Amino acid sequence: MQAVDIKDDSLISRNGGMLANNIGAETVMMDPEAGRYFGMNKTGSYIWRQLETSMTFSDLCAQLSANFNIPEQKCKDETRPFIVEMVKETILLVS
C-alpha cells in the first residue's frame, strides 16, 4: 500500500460500505466485504459523525478544535495519524 498523505485541503469522507452503530459514546463498525470489525472511542466516534458529509481535513480539525477546546494545530498534529490509519483500514476515503 502506498503512503497516505493528508493535507489541509484533502477531502475526507466515509467509506459508504461500512456498517456502523453507536453504543453509548462509542461506535462499532463492520466491513462486510472483509468481515472485519472496528471500534472507535468518543473522539473517533465524533469524527465519524462529523464525516456524515465529506469535508476537508482543515474543516474537520476546526470543528474538533472548537468542540474539544484544543488549539487547531495540536488538533491537526494529533488527528492526522488517526485519519491516515482509518484510510489504510478503508474506513475513511481521502481525495
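Along the sequence shown, the residues carry numbers beginning at 1. The shown structure was predicted, so the numbers you read here are calculated from the model rather than taken from an experiment.
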Checklist entry - Tracing side-chain links under 4.5 Å among I, L, V, M, F, W and Y, which residues wind up in one group with Val28? => result Ile23

Roughly how far, to the nearest 0.5 Å, is the [atom2] atom of [Y] from the [atom1] atom of [X]?
{"X": "Met40", "Y": "Ile91", "atom1": "CE", "atom2": "CD1", "value": "4.5 Å"}
{"X": "Phe82", "Y": "Asn41", "atom1": "CZ", "atom2": "CG", "value": "7.0 Å"}
{"X": "Asp77", "Y": "Glu72", "atom1": "CG", "atom2": "CD", "value": "11.0 Å"}
{"X": "Gln50", "Y": "Asp59", "atom1": "CD", "atom2": "CG", "value": "11.0 Å"}
{"X": "Thr43", "Y": "Glu26", "atom1": "OG1", "atom2": "CD", "value": "10.5 Å"}
{"X": "Thr27", "Y": "Met18", "atom1": "OG1", "atom2": "CE", "value": "10.5 Å"}

In this structure, would [X] and [Y] fall into the same cluster of hydrophobic residues linked by side-chain contacts under 4.5 Å?
{"X": "Met55", "Y": "Leu64", "value": "yes"}
{"X": "Leu11", "Y": "Val4", "value": "no"}
{"X": "Val84", "Y": "Leu93", "value": "no"}

What I'd like to find out is whether the side chain of [X] reaches to under 4.5 Å of the side chain of [Y], using heavy atoms alone.
{"X": "Phe57", "Y": "Val94", "value": "no"}
{"X": "Trp48", "Y": "Arg14", "value": "yes"}
{"X": "Pro81", "Y": "Glu85", "value": "no"}
{"X": "Tyr46", "Y": "Gln63", "value": "yes"}
{"X": "Ile6", "Y": "Ile12", "value": "yes"}

Next on the checklist: Checking Asp31 against Glu89 for the side-chain contact (heavy atoms from CB on, under 4.5 Å) test, could you report, in this order, the C-alpha distance in whole Å, the side-chain angles of both residues, the deciding distance, and whether it holds?
Outcome noted: CA-CA 10 Å; Asp31 179 349; Glu89 294 291 344; over 6 Å; no

Checklist entry - For Ser58, which residues count as a side-chain hydrogen bond (donor to acceptor under 3.5 Å, both in side chains) partner, sequence neighbours excluded? => result none

Checklist entry - Should we say atom CD of Gln73 is surrounded by more than 12 heavy atoms from elsewhere, each under 6.0 Å from it? => result yes

Item to check | Minimal non-hydrogen separation, Cys61 against Cys75, with atom names | outcome: O-SG, 3.6 Å

Item to check | Minimum heavy-atom distance between Thr90 and Arg36, given as atom pair plus value | outcome: OG1-NH2, 3.6 Å

Item to check | Derivation of the side-chain contact (heavy atoms from CB on, under 4.5 Å) call for Leu92 and Val87 | outcome: CA-CA 5 Å; Leu92 298 176; Val87 170; 4.2 Å; yes

Next on the checklist: For Ala62, is there any backbone N or O sitting under 3.5 Å from a side-chain donor or acceptor partner on Ser65?
Outcome noted: no

Item to check | Cationic N near anionic O, under 4.0 Å, Asp5 to Arg80 | outcome: no

